[in-house]
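What's counted below: heavy atoms across the whole structure, side chains too, no hydrogens, waters or symmetry copies. Residue numbers begin at 1 in each chain, while the letters A, B, ... track the order of the sequences. Given the structure is predicted, the values throughout are model-derived calculations rather than measurements.
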Amino acid sequence: MSKSAVDVPPMGGFNFDLCRRNDMLAKKGVNPPSFRKTGTTIVGIVFQDGIILGADTRATEGPIVCDKNCEKIHYMAPNIYCCGAGTAADTEAVTDMVSSQLQLHRYHTGRESRVITALTLLKKHLFNYQGYVSAALVLGGVDCTGPHLHTIYPHGSTDTLPFATMGSGSLAAMAIFESKYREGLNRDEGIKLVCEAICSGVFNDLGSGSNVDVCVITKGHKEYLRNHMLPNPRTYISSRGYTFPKKTEVLITKITPLKDKEVVIEGGDAMEE
Amino acid sequence: MDLKAPHSMGTTIIGVTYNGGVVLGADSRTSTGMYIANRASDKITQLTDNVYICRSGSAANSQIVSDHVRYFLHQHTIQLGQPATVKVAANLVRLISYNNKNMLETGLIVGGWDKYEGGKIYAIPLGGTIIKQPFAIGGSGSGYLYGFFDQAWKEKMTKDEAEQLVVKAVSLAMARDGASGGVVRTVIINSDGVIGNFYPGDGLPLWHEELESHNSLLDILNASGPEPMNI
């Protein structure tokens, strides 16, 4: 590679510099690692009465879908929910941990948790691990100060936005929001918009798929609509479905009851006051 | 495109003193690699009632540094019994920046007003130096503004002149720097208090080769219903 006088920043598109080296290595039997995606489309919007969060339900392990219907919208507090993208273990662990901390805080203060408290706890934890806890979160909730929607990135930076998307399908979902979002949506319009955005991720991103989960949070009330939309039904070639013959033949049926429980009374000491 | 890259704020940040206070200005773009993660971020953060900080560089680092300084300044204000001075705020930022220089990547501009020194601007670039200046610029877009400020800066401007200078400068940098864009936010701090202003991107002046927008998304958003497709 020739050195240029001016440093050119990396451009988009495919970089062909290493193709010859890769060919040489492949001939020697060293194959490149297969394509890995962490997958997910998670979104959140602020609507007129509160917050709506949405997520797809596909969990991937490399190229394999390991869970076709996982839950990505995690409980933080009765009035706060958090969608998680990135490494599933990290998002589960960090949201569970902060959810416990919030509950302890509620016992201490005697008050409903605030979204900004959850935000600060998550942000501090993620910053301490310098991005190695790979959890990208969309945190939303309604507290005494109003509705709040935040995004939290693995390195600990946060943004406060009226609509937010995260995960590999975030660009597809953001395209929907940028063209159709407006302030003061009502509940049905909001849910429709969130479903559209998640579907855009489900159909256009390889790492997102299956069903759409929605969570609506308003002042004093929350609704977790698990599998609100199922746009990917299981289809069979034959319209009657399949029937499989029973595999194992029953030869004998013998029922053996378990032994009776024996009660043993020991001559123990009575408890002293 | 690397969605797991740490967020950096490409940024253009500016702090300018005028006769009676300071004006801080910034763009609003936060990028992750080539994707704009937040096109309307607020890079001017409050430290105390009378001192604000402009953040550039790594988004996470600068947010954490400002949170720490806000916490210490709050305690300091309580102990002192009166508002903190800009010099103390800037030095607290400098101490954190300098002592953690191996782990932090953030350039900051601290500006504010106090009753002893009036309006003051302190620049705290990457290594943790502290420089008191009549005006300071920072971020990736600032490279395009050094010559502009050499020519356009003058002492003892009025509040409106200073704000117009800041808005003009940020919009010039946004026109040339890919990592800066969105809207222009300004914060004016003087003895009367703090005023924050917002200049949407489509209202900024157009520079060389920039064209007026036609059929932009903003027209579609303002329309009443979905537009029918025309064959």
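- Atom CZ of Phe149(B) has more than 12 heavy atoms from other residues, nucleotides or ligands within 6.0 Å.
- Salt bridge absent: Lys124(A) and Asp67(B) never bring a charged side-chain N and a carboxylate O closer than 4.0 Å.
- Heavy atoms closer than 4.5 Å to chain B are found in the side chain of Met174(A), but not in its backbone.
- Contact record, Ser157(A) with Gln63(B): CA-OE1, 3.4 Å, taken as the closest heavy-atom pair.
- Pairing each heavy atom of Ala37(B) with each of Tyr153(A), the nearest pair is CB-OH, 3.7 Å.
- Around CZ of Phe203(A), the count of heavy atoms belonging to other residues, nucleotides or ligands within 6.0 Å exceeds 12.
- No more than 12 heavy atoms of other residues, nucleotides or ligands lie within 6.0 Å of CZ in Arg39(B), so this atom counts as exposed by the packing criterion.
- Remark: Phe198(B) CZ is packed, more than 12 non-hydrogen atoms of other residues, nucleotides or ligands lying under 6.0 Å away.
- Put simply, CG on Asp159(A) and OG1 on Thr30(B) are 5.0 Å apart, with the number rounded to the nearest 0.5 Å.
- Atom CZ of Arg114(A) has 12 or fewer neighbouring heavy atoms from other residues, nucleotides or ligands inside a 6.0 Å radius.
- Among the candidates Thr151(A), Thr158(A), Thr120(A), the residue making the largest number of heavy-atom pairs closer than 4.5 Å to chain B is Thr158(A).
- Applying the 6.0 Å contact sphere to NE2 of His76(B) captures more than 12 heavy atoms from other residues, nucleotides or ligands.
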Q | Full working for side chain to side chain contact (heavy atoms under 4.5 Å, CB included) between Ile64(B) and Lys123(A) | A | CA-CA 9 Å; Ile64(B) 292 288; Lys123(A) 165 202 261 243; 4.3 Å; yes

